[in-house]
Amino acid sequence: MDQIPWLMLLYSLPAHRSTERVAVWRRFKKIGALQLTTSTYLLPDQPTHYEHFQWLTKLIRDSGGDATLVRVREIEGLPNDKLVEMFNQARDREYAVIAKGLRALQRDRKTRPDIADELQRMTKQFRAIRAIDFFNTARSQDVEMQLRRIEEKRRSKGVLPKIDPMNYRGRIWLTRPRPEIDRVGSAWLIRNFIDSDAQFAFAASVSAQPNAVSFDMLAAEFSHVGEDCTFETLAKRFAIRDKAVRKIGEMIHDADLEDDKFQRVECIGIDRILKGCAKQGLSDEEILRRGFECFDALYSFLQRR
């Protein structure tokens with residue numbers, strides 16, 4: 001990873017300044033600063049972040065405290081990749097709260113008259129987090145896809161256009177990096193039932209390879225539709241009627257969407273393994289390879305039943 005310059009703000013406030021302490025803490029949280037110690041916060045060195053820290057320095061000093069703003073290139077014991085991981089973990093926790101709320105909203109949509117207002121509120125929360133997601137965590141696209149899925153379901157009847165399978169042979173199939181259960185399962189389905197010569201590529205957006213067939217990403221050709229995960233969408237669009245594939249689809253659905261629709265827990269373990277592979281720093285291609293092995297074995301097991 002390239003060296004990242006950082007801004008570090010060290011401060012102290014008198015113990016009796018509790019109101020000012022809360023105000024400063026809220027400001028640090030709002031701008032997405034990473035707390036290293038009780039009184040030390042960090043941001044990537046960018047002009048906007050420098051202005052934020054300058055404003056906080058003035059606020060702290062005006063409140064009777066002391067503040068020092070410094071630029072640093074390296075923090076002993078905390079290499080760049082570790083600091084980026086800490087920022088991403090902080091954003092992931094915030095995204096997880098929204099994702100949990102969206103799952104509840106989707107589950108109770110038929111009995112909640114305020115779904116439009118609640119969806120708007122969660123969208124606003126998402127945008128606030130996205131604005132401080134400095135290193136573009138993978139979880140941001142997951143939540144944005146949830147938001148779009150709920151909104152599209154409110155507006156459409158879920159009618160899917162017909163498809164010609166011959167247009168999807170020998171293609172490059174594009175999805176997001178660090179693939180997890182739905183993306184790996186979908187890639188396995190593509191390779192085994194749709195396009196045996198499929199090649200897989202990874203990018204943050206579909207514009208990176210406009211001639212590729214995109215799946216399970218924003219503005220993708222194949223993604224979540226209604227209550228279906230991407231694996232289910234592909235199986236339906238390509239009319240795959242294999243019973244073992246249908247069961248795997250149910251397992252991936254429950255592991256990916258966490259809505260217990262089918263009461264299937266078998267793929268939760270595979271999902272944890274894939275997440276662990278990503279944390280080990282394995283390449284996207286290697287994660288796919290290991291995931292394919294899991295799904296090959298699962299498919300063989302289900303065929304015998």
Problem set entry | Considering all heavy atoms, the nearest S140-Y95 contact | CB-OH, 3.3 Å

Problem set entry | Pair D254 + R264, salt bridge at N-O below 4.0 Å | no

Problem set entry | Sub-4.5 Å side-chain heavy-atom contact between F222 and S186 | no

For this session: Evaluate the side-chain proximity of E180 to V184: yes if any heavy-atom separation is below 4.5 Å, no if none is.
Result: no

Exercise. Okay, side chain of Q209, backbone of A203: is any donor-acceptor separation there less than 3.5 Å?
Worked result: no

For this session: Determine the minimum heavy-atom distance between W173 and I190, stating which atoms define it.
Result: CE3-CD1, 3.3 Å

For this session: For the pair Q46 (side chain) and T48 (backbone), establish whether a donor and an acceptor sit closer than 3.5 Å, ignoring hydrogens and angles.
Result: no

For this session: Indicate yes or no: at least one non-hydrogen side-chain atom of L302 is less than 4.5 angstrom from one of K243.
Result: no

Problem set entry | L257 side chain near R103 side chain, heavy-atom distance below 4.5 Å | no

Seminar exercise, completed: Scanning both residues in full, the closest heavy-atom pair of D256 with C229 reads OD2-CB, 4.0 Å

Exercise. Any donor and acceptor pair, going by atom type alone, linking the side chain of R171 with main-chain N or O of N211 inside 3.5 Å?
Worked result: yes

Exercise. Has the side chain of R73 got a donor or acceptor atom that lies under 3.5 Å from a matching backbone atom of I4?
Worked result: no

Problem set entry | Geometric cation-pi criterion, R183 with W188: 6.0 Å, 45° | no

Problem set entry | Under 3.5 Å side-chain donor-acceptor pair for R130 and N136 | yes

Exercise. Taking the side chain from T40 and the backbone from L36, do they hold a donor-acceptor pair closer than 3.5 Å?
Worked result: no

Exercise. Without hydrogens or angle criteria, can the side chains of H253 and D182 be said to hold a donor-acceptor pair below 3.5 Å?
Worked result: no

Exercise. Do the side chains of I248 and V265 join up, straight or via other hydrophobic residues, at under 4.5 Å, putting them in one cluster?
Worked result: no

Exercise. Hey, does Y11 have a side-chain heavy atom less than 4.5 Å from the side chain of T68?
Worked result: no

Problem set entry | Verdict with supporting geometry, R169 and D197, side chain to side chain contact (heavy atoms under 4.5 Å, CB included) | CA-CA 7 Å; R169 303 285 166 81; D197 296 320; over 6 Å; no

Exercise. Is it the case that more than 12 heavy atoms not belonging to K29 sit under 6.0 Å from its NZ atom?
Worked result: no

Exercise. If you measure from the Lys or Arg side-chain nitrogens to the Asp or Glu carboxylate oxygens, is any gap between K236 and E232 under 4.0 Å?
Worked result: no

Problem set entry | Within-4.5 Å side-chain heavy-atom neighbours: F134 and H49 | yes

Exercise. Do side-chain atoms of R17 reach the backbone of I60 as a donor and acceptor pair under 3.5 angstrom?
Worked result: no

For this session: Show the numbers, then the answer: is there a side chain to side chain contact (heavy atoms under 4.5 Å, CB included) between M251 and L298?
Result: CA-CA 11 Å; M251 297 170 189; L298 179 59; 3.9 Å; yes

Exercise. Does R91 come within less than 4.0 Å of E94, counting only side-chain N to carboxylate O?
Worked result: yes

Problem set entry | CZ (R127) with more than 12 external heavy atoms under 6.0 Å | no

Problem set entry | Closest heavy-atom pair and its distance - I287, C277 | CG1-CB, 3.9 Å

Problem set entry | Residues Y299 and Q303: side-chain donor-acceptor under 3.5 angstrom | yes

Problem set entry | Atom pair CD (E293) and CD1 (I270), whose distance is rounded to the nearest 0.5 Å | 11.5 Å

For this session: Report the C-alpha distance between L43 and L9 in whole Å, list the side-chain angles of each, state the deciding distance to 0.1 Å, and finish with yes or no for side chain to side chain contact (heavy atoms under 4.5 Å, CB included).
Result: CA-CA 9 Å; L43 279 173; L9 180 57; over 6 Å; no

Exercise. Atom CG of N167 and atom CG of D164: how far apart are they, to the nearest 0.5 Å?
Worked result: 4.5 Å

Problem set entry | Ionic contact status for R176 with D216, cut-off 4.0 Å | yes

Seminar exercise, completed: In this structure, CG of L13 is separated from CG of D66 (nearest 0.5 Å) by 9.5 Å

For this session: Heavy atoms only: give me the nearest E20-S63 pair and the separation to one decimal.
Result: CG-OG, 3.3 Å

Exercise. For the residue pair W6 and Y50, is the inter-centroid distance of their aromatic rings smaller than 6.0 Å?
Worked result: no

Exercise. Going through the checks in order, is the side chain to side chain contact (heavy atoms under 4.5 Å, CB included) test met by M8 and I75?
Worked result: CA-CA 10 Å; M8 183 183 293; I75 302 174; 3.5 Å; yes

Exercise. So does K247 pair up with E250, basic N to acidic O under 4.0 Å?
Worked result: no

For this session: Determine, for K275 against D271, whether the closest basic-nitrogen to carboxylate-oxygen distance falls under 4.0 angstrom.
Result: yes

Exercise. Is the closest side-chain heavy-atom distance between T175 and S214 below 4.5 Å?
Worked result: no

For this session: For residues F231 and F295, establish whether the separation of their ring centroids is below 6.0 Å.
Result: no

Exercise. What is the minimum heavy-atom distance between L288 and F202, and which atoms define it?
Worked result: CD1-CZ, 3.7 Å

Problem set entry | Short N-O contact, R289 and E285, less than 4.0 angstrom | no

Problem set entry | Distance-only donor-acceptor check, side chains Y168 and E221, under 3.5 Å | yes

Problem set entry | Min side-chain heavy-atom separation M217-S223 under 4.5 Å | no

